[in-house]
Amino acid sequence: FLLSAADWQGDGILLESSALDSAAACDRSREFIQAGIPVIIRDLAAPVTVRSIPEDSMKQQANFQRFLQERCKMISALGIGEFSLSFNLERAAENAVFCHALRRFLGSLWGILEQYRLRLLLTAHLPSESSADAVWLAQFRQDLLYPHVGFLLELDGIEEVPSALKFYA
């Protein structure tokens, strides 16, 4: 953090999860949170791990859930209310079997999110202004039937969040 909370002029801070291993970064996060500036943890778990977890064995999923619960406990104690995970939403849009596995796995996380009062942001890459991608994401989010899920959108060459996603971003 190069600025103090008093000097900050953005909407919030996107903090890489590796910063959680630094006491100084955690202290600075608290400073921003106490000043009313939201802090979001990007990729609370490594994307390479997260992308395959919906199809992994029950044992691997349980291990991931224990890891995630510990990380959620940590960020909740810091006062952080949102974090992202980079599941492979592009693959879910193209593969119904993977999409079902992802929905089922996400459903297994709701108890952890409720316990720590956290909001999960699914990292979504939108490569163009194609409304089909935005509509699919909005429908996927709606089908989850869980209110504490949104999107961390990565927009390539798009000036504005697609209207289908404005409620969920």
Side-chain angles (χ1 to χ4, degrees), residues 1-2 10-30 32-33 37-127 133-134 136-137 140-141 143-144 146-156 158 161 165 168-169:
F1 300 102
L2 299 175
D11 293 330
I13 296 175
L14 191 59
L15 188 64
E16 295 295 330
S17 64
S18 60
L20 295 173
D21 298 327
S22 162
C26 290
D27 289 343
R28 292 299 304 271
S29 295
R30 281 190 193 100
F32 282 89
I33 292 164
I37 300 167
V39 175
I40 299 170
I41 301 298
R42 180 184 178 93
D43 291 326
L44 190 59
V48 69
T49 301
V50 173
R51 288 179 174 274
S52 65
I53 207 72
E55 294 180 309
D56 283 346
S57 71
M58 295 296 281
K59 181 178 179 180
Q60 289 172 308
Q61 288 181 3
N63 288 339
F64 179 81
Q65 289 167 338
R66 280 190 290 280
F67 165 82
L68 189 64
Q69 185 162 16
E70 286 302 313
R71 296 299 269 189
C72 286
K73 181 179 180 180
M74 175 192 291
I75 66 171
S76 178
L78 290 170
I80 295 170
E82 296 180 305
F83 68 93
S84 75
L85 290 173
S86 294
F87 291 101
N88 193 343
L89 293 179
E90 294 83 9
R91 181 170 174 222
E94 298 169 357
N95 182 319
V97 173
F98 181 76
C99 186
H100 177 74
L102 177 56
R103 279 192 185 117
R104 188 180 65 247
F105 181 72
L106 288 171
S108 75
L109 302 180
W110 298 163
I112 296 169
L113 297 175
E114 284 294 324
Q115 180 179 2
Y116 297 106
R117 299 174 193 239
L118 295 171
R119 183 170 186 237
L120 168 60
L121 301 174
L122 303 173
T123 303
H125 177 77
L126 289 179
D133 294 331
W136 183 89
L137 285 170
F140 178 80
R141 164 55 189 89
D143 291 346
L144 290 175
Y146 187 73
H148 304 297
V149 173
F151 293 107
L152 181 62
L153 298 175
E154 294 179 348
L155 307 174
D156 284 346
I158 301 174
V161 174
L165 293 176
Y168 301 115

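These numbers were taken from a predicted model, which means no experiment stands behind them. Position 1 is the first residue of the sequence; numbering continues from there.
Distance check: M58 CE to N63 CG gives 12.0 Å after rounding to the nearest 0.5 Å. In this structure, L85 CG and D43 CG are separated by 7.5 Å, a value rounded to the nearest 0.5 Å. Rounding to the nearest 0.5 Å gives a distance of 10.0 Å between CG of L118 and NE2 of H148. The distance from the CG atom of L44 to the CZ atom of F67 is 6.0 Å, given to the nearest 0.5 Å. A distance of 6.0 Å separates CZ of F140 from CG of L89, quoted to the nearest 0.5 Å. Taken to the nearest 0.5 Å, the CG atom of L68 stands 11.5 Å off from the OG1 atom of T49.
The aromatic rings of Y146 and W110 lie parallel to each other, their planes meeting at an angle below 30°, with 60° marking the opposite boundary.
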R51 vs R91, test: side-chain contact (heavy atoms from CB on, under 4.5 Å). Steps then yes/no.
CA-CA 9 Å; R51 288 179 174 274; R91 181 170 174 222; over 6 Å; no
Any chance you could lay out the side-chain contact (heavy atoms from CB on, under 4.5 Å) test for L144 and R103, step after step, and finish with the verdict?
CA-CA 7 Å; L144 290 175; R103 279 192 185 117; 3.9 Å; yes
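Taking R71 as the reference, D21 meet the salt bridge (charged side-chain N to carboxylate O under 4.0 Å, His left out) condition, with sequence neighbours excluded. Qualifying salt bridge (charged side-chain N to carboxylate O under 4.0 Å, His left out) partners for R104, counting only residues two or more places apart in sequence or in other chains: none. In terms of the side chain to side chain donor-acceptor pair (under 3.5 Å) criterion, residue partners of T123 (sequence neighbours excluded) are, by chain and number, S86. Taking the salt bridge (charged side-chain N to carboxylate O under 4.0 Å, His left out) definition, one finds that D27 meets it with R30, sequence neighbours left out. Under the side chain to side chain contact (heavy atoms under 4.5 Å, CB included) criterion, I40 pairs with L14, E82, L121, not counting sequence neighbours. Take E16 and apply the salt bridge (charged side-chain N to carboxylate O under 4.0 Å, His left out) test, not counting sequence neighbours, and it matches R42.
Closest approach of A92 to C99, counting heavy atoms only: O-CB, 3.3 Å. Taking each heavy atom of E55 and A101 in turn, the nearest pair found is CG-CB, 4.5 Å. N88 and F98 make their closest contact through O-CE2, 3.4 Å (heavy atoms, listed as atom of the first residue, atom of the second, distance). Of all heavy-atom pairs between F151 and A124, the closest is CD2-CB, 4.0 Å.
Panel note: side chain R141, backbone V149; a donor-acceptor pair is recorded below 3.5 Å.
In this structure, a donor-acceptor pair under 3.5 Å is present between the side chains of S108 and Q65.
The shortest distance between side-chain heavy atoms of L102 and L122 does not fall below 4.5 Å.
For the side-chain contact (heavy atoms from CB on, under 4.5 Å) with F83, the lone residue among L20, I75, V39 that qualifies is I75.
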